Amino acid sequence: MRILMPHLPRAFFARPTLIVARELLGQCLVKVDRRRRLAGIITEVEAYIGEEDLACHARAGRTRRTEVMYWQPGRLYVYFTYGMHWMMNIVTERKGFPAAVLVRGIFPTEGIEGMRQRRGRSTHLTDGPAKIAQAFGIDKQCNGIDLCARDSTLWIERGTPAPNSSVVTGPRVGLGSTPEPWLSKPWNFSMKLSNEPA
DNA sequence: GGCCCGATACTCT
DNA sequence: GAGTATCGGGCCC
């Protein structure tokens, strides 16, 4: 019997955020856009975990912006920052506990021409969180969508898991004045692709 | 490759 | 009103 639905199931996201973040490396983000597939391998992510984590938007509690982080795992949390950029996160853990993984880096594999059109350039298509949102056409309208729903046009597909030897961890990026210990938590995960320079 | 800086508007205090 | 989970252009290696 063939697998009918390629989506990673909700159980994948309903686990500790650091586990989900690590295991998202090597998986494939897919969007069906006007009947064409846009896809890429996830190469860099960051974990944001709960109201205690002072780098997490949920540090301010449940607000209109952070509402989706409190929903079931497998939802998309999309927010706007710096006056012009959208960011894409995947909600993790259990309903009622605000946590998510920010997708910071992708290696494009399908629909590259479409990404180039949206980005208005031919290189550096998805090597940053706002670039990913622009290349995949993700904005406020995508906030709260369910990556695990049967009829979703956006989902995570099983790829080739990143071997431990390719994974690097480090502090999260762009946190500015966030106090310790949160500023230095090694909750950024990235993988080196074998065809990239070391 | 790197550093510096301005753009820009939304969220929460 | 302040702060912001960034980007791209200009410049200099």
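Numbered from 1 within each chain, the chains take letters A, B, ... in sequence-line order. Quantities reported herein were computed from a predicted structural model and do not represent experimental measurements.
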(request) To the nearest Å, give me how far apart CZ (A/Arg65) and C1' (C/dG3) are. (result) 10 Å
(message) I need the NE2-P distance between A/His85 and C/dT6, as an integer number of Å.
(response) 9 Å
Taking the side chain of [X] as heavy atoms from C-beta outward, which of [options] is closest to it?
X	options	result
A/Ala130	C/dG8, C/dC7, C/dA5	C/dC7
A/Ser177	C/dA5, C/dT4, B/dT11	C/dT4
A/Lys140	C/dA5, C/dC7, B/dT11	B/dT11

(message) Would you compute the distance between atom SG of A/Cys148 and atom CD1 of A/Ile156 and round it to the nearest 0.5 angstrom?
(response) 9.0 Å
(message) Please report the interatomic distance NZ(A/Lys95) to CZ(A/Arg75), rounded to the nearest 0.5 Å.
(response) 8.5 Å
(message) Quick check with a 6.0 Å cut-off and a 45 degree axis cone: is A/Arg172 positioned over the face of A/Tyr48's six-membered ring?
(response) yes
(message) With nearest nucleotide decided by heavy atoms, which residue, A/Thr81 or A/Gly61, maps closer to the 5′ end of DNA chain B?
(response) A/Thr81
(request) Determine whether any donor atom in the side chain of A/Tyr79 lies under 3.5 Å from an acceptor atom in the base of C/dA5, or the reverse, and answer yes or no. (result) yes
Give each protein N/O atom lying under 3.5 Å from an N/O atom of nucleotides 9-13 of chain C, with the pair distance.
from  : atom 1 : to       : atom 2 : distance (Å)
C/dG9 : OP2    : A/Arg121 : NH2    : 3.4

(request) Give a yes/no verdict on base stacking between B/dC10 and A/Phe80: centres under 5.5 Å, planes within less than 30° of parallel. (result) no
(request) Report yes if the ring of A/Tyr48 lies under 5.5 Å from the six-membered base ring of C/dA5 with planes under 30°, and no otherwise. (result) yes
(message) Given 3.5 Å as the limit, does a donor-acceptor pair link the side chain of A/Asp127 with the main chain of A/Gly105, or not?
(response) no
(message) Is it the case that the side chains of A/Trp182 and A/Glu180 hold a donor-acceptor pair, with the cut-off being a distance below 3.5 Å and no angle test?
(response) no
Output yes when [X] and [Y] qualify as a salt bridge under the 4.0 Å nitrogen-oxygen rule, no when they do not.
X	Y	result
A/Arg59	A/Glu51	no
A/Glu113	A/Arg116	yes
A/Glu23	A/Arg15	yes

(request) Apply ring-ring contact (aromatic ring centres under 6.0 Å, His included) to the pair A/His57 and A/Tyr79, showing each step before the final yes or no. (result) CA-CA 10 Å; A/His57 288 164; A/Tyr79 69 88; 4.4 Å; yes
(message) Expected output check: what is the dot-bracket annotation of DNA chain B, where ( ) and [ ] are pairs inside the strand (brackets for crossing ones), | is paired with another strand, and pairs are Watson-Crick or G-U under 3.5 Å?
(response) |||||||.||||.
(message) Judged by each residue's nearest nucleotide on DNA chain C, which is more toward the 5′ side, A/Gln134 or A/Thr178?
(response) A/Thr178
(message) Return whichever of A/Lys131 or A/Gly83 has its heavy-atom-nearest nucleotide of DNA chain C closer to the 5' end.
(response) A/Gly83
